[in-house]
Amino acid sequence: MMDAARRLMSFQFTFFLFYLQAVLFGNPTDTRTVPMTISNLEDVLNHNELVFVNFYADWCRFSKMLEPVFEEASNTVPAAIQNVVFGKVNCDTETEVAQKFGISKYPTLKLFRNGRVQKREYRGQRSVEAFKEYIEEQMKSNIREVNDLRELNDIDGKKRNIIGYFNSKESPEYKTFQQVASNLRDDCDFSVAVGEISKKERISGDNIIFRPPRTKDQDMVYLGSLVNKDLLTAWTTDKCVPLVREITFENGEELTEEGLPFLILFHNPDDANIVQKFNQIVSRELLHEKGNINFLIADGTKFTHPLHHLGKSTKDLPVLAIDSFRHMYLFPDISQMNVPGKLKQFCADLHSGKLHREFHHGPDPTTPPQIAGQDQQQQQQQQGGGSAPQEKRPTTPPESQFVKLAPSKNRYTLLKDEL
């Protein structure tokens, strides 16, 4: 009887310890991931600085593989870090949310900062440690503070730079700049000079300027309200998100996923002149093609494989081509790029199918103007001596190379199987 009583007391004590552990320390298998629906979406996004969201489908095998990793990662964010939330959206039940953010593959991992979706998805390694490092990196300030104005001469001249001159970090002007810089950290480099060292740049008050890449003494001053976040965001976005972007192996997947054909200039990294000319021509002649074509530049010394498929090498740089995600089409003569209308016609020939047609069947036939008093047979004899026309040889344009940078079926379940 005594043994039974002891066993009962031991069981009760053990149960009490488990209960106490659960209350004080929580269940280690509990998740901090927040299910997000159309009803709580805005509340979650707008009340947290960072929200890292997993858009998934229960039937997707890649989603199933990611789920326990993502759940565990949500528990690795230290409780001391405020305003960071891991969220998840079941795209089968929350179709409106999935459509709102253009989800085209599972799983898709998006970061929201201050309620605004960031342009670049998370495309890195899917591990607890990788997610933890990613969030920690995103929490760091992306603003470089200088202690001497001469340090601004050493900023990366190849990048787009926004520079702020402020009297104090506690001012509403600086706080607004800080938020805008955080939201656009993927698009521009941000620097500040604060206090006495910035005084000569603040003759009329706090000041923000844009320094275009590869320029000297061409800074552009922001003239709007420094505390109007929307206005400053619009101005900064216009300066930081160029019409012509650079493609790299790091951003190739996201650019390809946009689904627009590439008009791409392969150049030598030391040839700033051809890049500037290309930007000017695109801005002058091809603005109407924005939304139809992605205008890109690429380091030709790195993207040698596409050059090879075009029958070119680094010795032939610069090289201009279109990649339609089916085929690649070479701009015949790079020296003609400056001729008004040439590049515009090249793009128009892509849309009309002429580039594809002529690669397969040779140049489109042209009909010579009819000369009064001559019949068709007389004109044919004058032009070709009556000889039979030469047979056209079908040719095949090089296959697309950049389509291979698109999201892989070994990593995602794709809702749209072709670009």
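In what follows, every heavy atom counts, from backbone to side chain, and hydrogens, waters and symmetry copies are set aside.
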Q) Can you find a pair of side-chain heavy atoms, one from L343 and one from L263, that are under 4.5 Å apart? A) yes
(Q) Before we go on, tell me: are the rings of Y329 and F346 under 6.0 Å apart, centre to centre? (A) no
(Q) Minimum heavy-atom separation for T33 and E71, please, with both atom names. (A) OG1-OE1, 3.1 Å
Q: Provide the full list of disulfide bond (SG atoms under 2.5 Å apart) pairs with a residue in residues 190-281, sequence neighbours left out, each pair given once.
A: C188-C240
Q.
Check the orientation of F52 and F131. Use parallel for under 30°, tilted for 30 to 60°, and perpendicular for over 60°.
A. perpendicular
Q) Do F177 and V192 come within less than 4.5 Å of each other through their side chains, counting heavy atoms only? A) yes
Would you mind writing out the side-chain donor-acceptor pairs for residues 219-227 within the sub-3.5 Å range, not counting sequence neighbours?
from	atom 1	to	atom 2	distance (Å)
D219	OD1	R211	NE	3.0
D219	OD2	R211	NH2	3.1
Y222	OH	S225	N	3.4
Y222	OH	S225	O	2.7
S225	OG	V227	N	3.3
S225	OG	N228	N	3.4

Q: Report the C-alpha distance between H305 and Q401 in whole Å, list the side-chain angles of each, state the deciding distance to 0.1 Å, and finish with yes or no for side-chain hydrogen bond (donor to acceptor under 3.5 Å, both in side chains).
A: CA-CA 8 Å; H305 193 65; Q401 296 302 302; 3.3 Å; yes
Q: Evaluate side-chain contact (heavy atoms from CB on, under 4.5 Å) for C91 paired with V97, printing each intermediate quantity in order.
A: CA-CA 7 Å; C91 295; V97 179; over 6 Å; no
Q. Between R185 and V180, is there a donor-acceptor pair closer than 3.5 Å when you use the side chain of the first and the backbone of the second?
A. no
Q | All side-chain contact (heavy atoms from CB on, under 4.5 Å) counterparts of E137, not counting sequence neighbours | A | K140
Q.
Quick check against the 3.5 Å criterion: does D316 have a side-chain atom that pairs as donor or acceptor with the backbone of S313?
A. yes
Q: Taking salt bridge (Lys or Arg N to Asp or Glu O under 4.0 Å) as the test, write out the residues that go with R123, two or more places apart.
A: E121, E253, E257
Q: Identify the heavy atoms of I143 and Q178 that sit nearest to each other, and give their distance.
A: CD1-CA, 3.9 Å
Q. Does NE2 in H351 sit with more than 12 non-hydrogen atoms of other residues, nucleotides or ligands closer than 6.0 Å?
A. yes
Q | Salt-bridge contact E289-K344 (side-chain N to carboxylate O under 4.0 Å) | A | no
Q.
Whether R126 engages the ring of Y412 as a cation-pi pair (distance to the six-membered ring centre under 6.0 angstrom, angle to the ring normal within 45°) should be assessed.
A. yes
Q. CD of Q336: more than 12 outside heavy atoms within 6.0 angstrom?
A. yes
Q. Just by modelled atom types, is the G252 backbone N or O under 3.5 Å from a matching donor or acceptor in the T256 side chain?
A. yes
Q | Pair F402-F325, ring-ring contact (aromatic ring centres under 6.0 Å, His included): steps then yes or no | A | CA-CA 7 Å; F402 287 95; F325 297 137; 8.1 Å; no
(Q) Minimum heavy-atom separation for M328 and P306, please, with both atom names. (A) CE-CB, 4.1 Å
Q: May I ask you to test the E49-N114 pair for a side-chain heavy-atom distance under 4.5 Å?
A: yes
Q. Looking only at atom types and distance, does a side-chain atom of N48 sit under 3.5 Å from a main-chain N or O of D43, one as donor and one as acceptor?
A. no
Q) Taking only residues at least two apart or on different chains, which pairs with a member in residues 151-177 satisfy side chain to side chain donor-acceptor pair (under 3.5 Å)? A) E145-K169
Q: Not counting sequence neighbours, which residues clear side-chain contact (heavy atoms from CB on, under 4.5 Å) with D92? List them please.
A: A57, W59, N90
Q | Polar side-chain atom of K312 near backbone of L317 as donor-acceptor pair, under 3.5 Å | A | no
Q) Is there a side-chain contact between N183 and K229, using heavy atoms and a 4.5 Å cut-off? A) yes
In a table with atom names and distances, give each donor-acceptor pair under 3.5 Å that connects a side chain of residues 264-278 to protein atoms at least two apart or in another chain.
from	atom 1	to	atom 2	distance (Å)
N268	OD1	D270	N	3.0
D271	OD1	N273	N	3.4
D271	OD1	I274	N	3.2

(Q) Check whether D238 reaches the backbone of A234 with its side chain - one donor and one acceptor, N or O, closer than 3.5 Å. (A) no
Q) Ion pair present between K100 and E96, side-chain N to carboxylate O less than 4.0 angstrom? A) no
Q: Using atom types as modelled and distance alone, determine if a side-chain donor or acceptor of T215 lies under 3.5 Å from a backbone N or O of Q218.
A: no
Q. With a 4.5 Å heavy-atom cut-off, do F249 and K302 have their side chains touching?
A. yes
Q.
Within this structure, what is the CG-NZ distance for the pair D187 and K239, rounded to the nearest 0.5 Å?
A. 14.5 Å
Q. Is it true that R144 and D189 have a side-chain N and a carboxylate O under 4.0 angstrom from each other?
A. no
**Q.** Listed partners of R245 passing salt bridge (Lys or Arg N to Asp or Glu O under 4.0 Å), at least two apart
**A.** E258
(Q) Please report whether the ring centroid of F86 lies less than 6.0 Å from that of F70. (A) yes
Q. What pairs with R61 under salt bridge (Lys or Arg N to Asp or Glu O under 4.0 Å), at least two apart in sequence or on another chain?
A. none
Q | Result of checking L255, N251, V244 against L296 for side-chain contact (heavy atoms from CB on, under 4.5 Å) | A | L255
Q) F262 and I247: which non-hydrogen atoms are nearest, and at how many Å? A) CE1-CD1, 3.7 Å
Q: Answer yes or no: is there a side-chain heavy-atom contact under 4.5 Å between L307 and V319?
A: yes
Q. Is there a donor-acceptor contact under 3.5 Å from the side chain of S182 to the main chain of Q179?
A. no
Q | Any residue meeting side-chain contact (heavy atoms from CB on, under 4.5 Å) with T37, in chain and number order, not counting sequence neighbours | A | S39, N40, E94
Q) Quick check: does any side chain N or O of S191 sit under 3.5 Å from a backbone N or O of I163, one acting as donor and the other as acceptor? A) no
Q: Inspect the surroundings of NZ in K404 and state if more than 12 heavy atoms from other residues, nucleotides or ligands are less than 6.0 Å away.
A: yes
Q. So do the side chains of L286 and C347 get within less than 4.5 Å of each other, counting heavy atoms only?
A. yes
(Q) Do V89 and V53 have side chains that approach each other closer than 4.5 Å (heavy atoms only, starting at C-beta)? (A) yes
Q) Who are the side-chain contact (heavy atoms from CB on, under 4.5 Å) partners of S63, not counting sequence neighbours? A) Y56, C60, Y106, P107
**Q.** Distance-minimising heavy-atom pair for T314 and G300
**A.** CG2-O, 3.7 Å
Q: Any chance you could measure K342, atom NZ, to L320, atom CG, to the nearest 0.5 Å?
A: 13.0 Å
**Q.** K290 atom NZ, over 12 foreign heavy atoms within 6.0 Å
**A.** no
(Q) So which atom in A193 and which in V146 form the shortest heavy-atom distance, rounded to 0.1 Å? (A) CB-CG2, 3.8 Å
Q.
Under a 3.5 Å distance rule, please check whether T108 uses its side chain to pair with a backbone N or O of K105 as donor and acceptor.
A. yes
Q | For E129, salt bridge (Lys or Arg N to Asp or Glu O under 4.0 Å) partners two or more places apart | A | none
Q: Begin with the C-alpha distance, continue with both residues' side-chain angles, and end with the deciding distance and a verdict on side-chain contact (heavy atoms from CB on, under 4.5 Å) for H327 and L355.
A: CA-CA 10 Å; H327 298 290; L355 292 180; over 6 Å; no
